[in-house]
Asker: 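Below you'll find the structure I mean.
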Amino acid sequence: MELEIKNITKKFKDKTAVNNFNVTLFEGIYGLLGPNGSGKTTLMRMIADVVKPTEGIIMINGRNRKIKGFSEGMKERLGIAQALLNDPKILILDEPTAGLDPNERIRFKNMIARLSKDKIVILSTHIVSDVEFLANEIVIMKQGSLVEKNTTSGITDKMRGKVWSLIVDEQKYGDIMDKYKISKTSMDNGFVTVRIVSDEKPAASAVEQKPTLEDMFLYYFGEVAEKLR
Ligand SMILES: Nc1ncnc2c1ncn2[C@@H]1O[C@H](COP(=O)(O)OP(=O)(O)O)[C@@H](O)[C@H]1O
Ligand SMILES: [Mg+2]
């Protein structure tokens, strides 16, 4: 099965929610990752044929026809169960883990992994850990546009040389925070260990670290990630 999203744009008056989006998906689990307002819901609604694109077309197996048997996921558990009832070939789940407790999240992920065979599963989230190990591929969306589509390891490979660990004394911490995107901080005995995402080595004593998807999110959405914390 092939789901082709071609030159899709959605405008609401003068607001462009989705901007010339192109992606082709095959069977597998896709994590649609982006901060709030990046256009995830609008894109999913167009795939689900709930909303008409301003421009572009969506095709399944090269036929330009309406998607039958799709389901738009809902936040409620009942919604997910209902979505799965008619065994759709394309399963679209919008922020499905919102409102789930940690145990329910684990159960949900296991269920999706089990059910995804022969299906295209698209699930959106603004929480990296929801999709880091579940999705075969991550589709990153920013301000309505596709930033990247890649495997988790493909994405983190590209982040090599951008993630650093640095130990500073507490007085210097403020300066570091102002200057860099900080993905983690730990304090011990007046010293602060900071994990920094930066194109350049932040200091001579900084040590390069193995990047994670979380670091990538901070790299692309730094300001937003700060607000979400
Ligand atoms: N019905 C609508 N009318 C006007 N603007 C909308 C509408 N739906 C979404 N938007 C705007 O489009 C942008 C993308 O929204 P949305 O698709 O909900 O993003 P996400 O799901 O990633 O949070 C936002 O700026 C949002 O305010
Ligand atoms: Mg949304």
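The model shown is predicted, which means the values in this text are computed figures rather than measured ones. Remember, it's 1-based here, ligands and their atoms both numbered in the order they're listed.
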Asker: What is the closest protein heavy atom to atom 12 (O) of ligand 1, and at what distance does it sit?
Answerer: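 Closest protein heavy atom to atom 12 (O) of ligand 1: Ala17 CB, 3.3 Å.
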Asker: Under the 4.0 Å line, does any protein heavy atom show up next to atom 26 (C) of ligand 1?
Answerer: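 No.
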Asker: The Mg ion (ligand 2) to Asn36: any N/O/S contact under 2.8 Å?
Answerer: no
Asker: Only one of Thr24, Asn22, Val23, Val18 passes side-chain contact (heavy atoms from CB on, under 4.5 Å) with Ile5; say which it is.
Answerer: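 Going through the options one by one, the only one that passes is Val23.
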Asker: Kindly give the heavy-atom pair with the smallest separation between Gly34 and Lys40, and that separation in Å.
Answerer: O-NZ, 2.8 Å
Asker: Just by modelled atom types, is the Arg63 backbone N or O under 3.5 Å from a matching donor or acceptor in the Asn61 side chain?
Answerer: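 No; judged by distance alone, with no hydrogens or angles, the pair does not exist.
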Asker: Please determine if Gly39 has a nitrogen or oxygen closer than 3.5 Å to a nitrogen or oxygen of ligand 1.
Answerer: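 Among all N and O atoms of Gly39, at least one is under 3.5 Å from an N or O of ligand 1.
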Asker: Using distance alone, determine whether Gly37 and ligand 1 share an N or O pair under 3.5 Å.
Answerer: yes
Asker: Would you please determine whether Ser38 falls within less than 4.0 Å of ligand 1 on a heavy-atom basis?
Answerer: yes
Asker: Can you name the nearest heavy-atom pair linking Met46 to Ile58, along with the distance?
Answerer: O-CD1, 3.5 Å
Asker: Should Thr42 be counted as touching ligand 1, given the test is an N or O pair under 3.5 Å?
Answerer: yes
Asker: Look only at the side chain of Asp215 and the backbone of Thr212, and say whether a donor-acceptor pair between them is shorter than 3.5 Å.
Answerer: yes
Asker: Measure the distance from atom 18 (O) of ligand 1 to every protein heavy atom, then report the residue, atom name and distance (to 0.1 Å) of the closest one.
Answerer: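 Checking every protein heavy atom, the shortest distance to atom 18 (O) of ligand 1 gives Thr41 CB, 3.8 Å.
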Asker: Looking only at protein heavy atoms, identify the closest one to atom 9 (C) of ligand 1 and say how far it is in Å.
Answerer: Phe12 CE1, 3.6 Å
Asker: Counting heavy atoms only, which part of Pro35 comes closer than 4.0 Å to ligand 1: side chain, backbone, both or neither?
Answerer: backbone
Asker: Looking at Asp130 and Arg105, is there a salt bridge between them, counting it only when a charged N and a carboxylate O are closer than 4.0 Å?
Answerer: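 A salt bridge is present here (some side-chain N lies under 4.0 Å from a carboxylate O).
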Asker: Near Asn36, which atoms of ligand 1 are under 4.0 Å from a heavy atom of that residue?
Answerer: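 The list of qualifying atoms is 23 (O).
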Asker: Tell me whether Glu148 is salt-bridged to Lys158, with the criterion being a basic N under 4.0 Å from an acidic carboxylate O.
Answerer: yes
Asker: Without swapping roles, check the side chain of Lys142 against the backbone of Ser38 for a donor-acceptor pair under 3.5 Å.
Answerer: no
Asker: Run the numbers for me: atoms of ligand 1, each under 4.0 Å from some heavy atom of Lys15, listed by number.
Answerer: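 In order of numbering, the contacting atoms are 13 (C), 25 (O).
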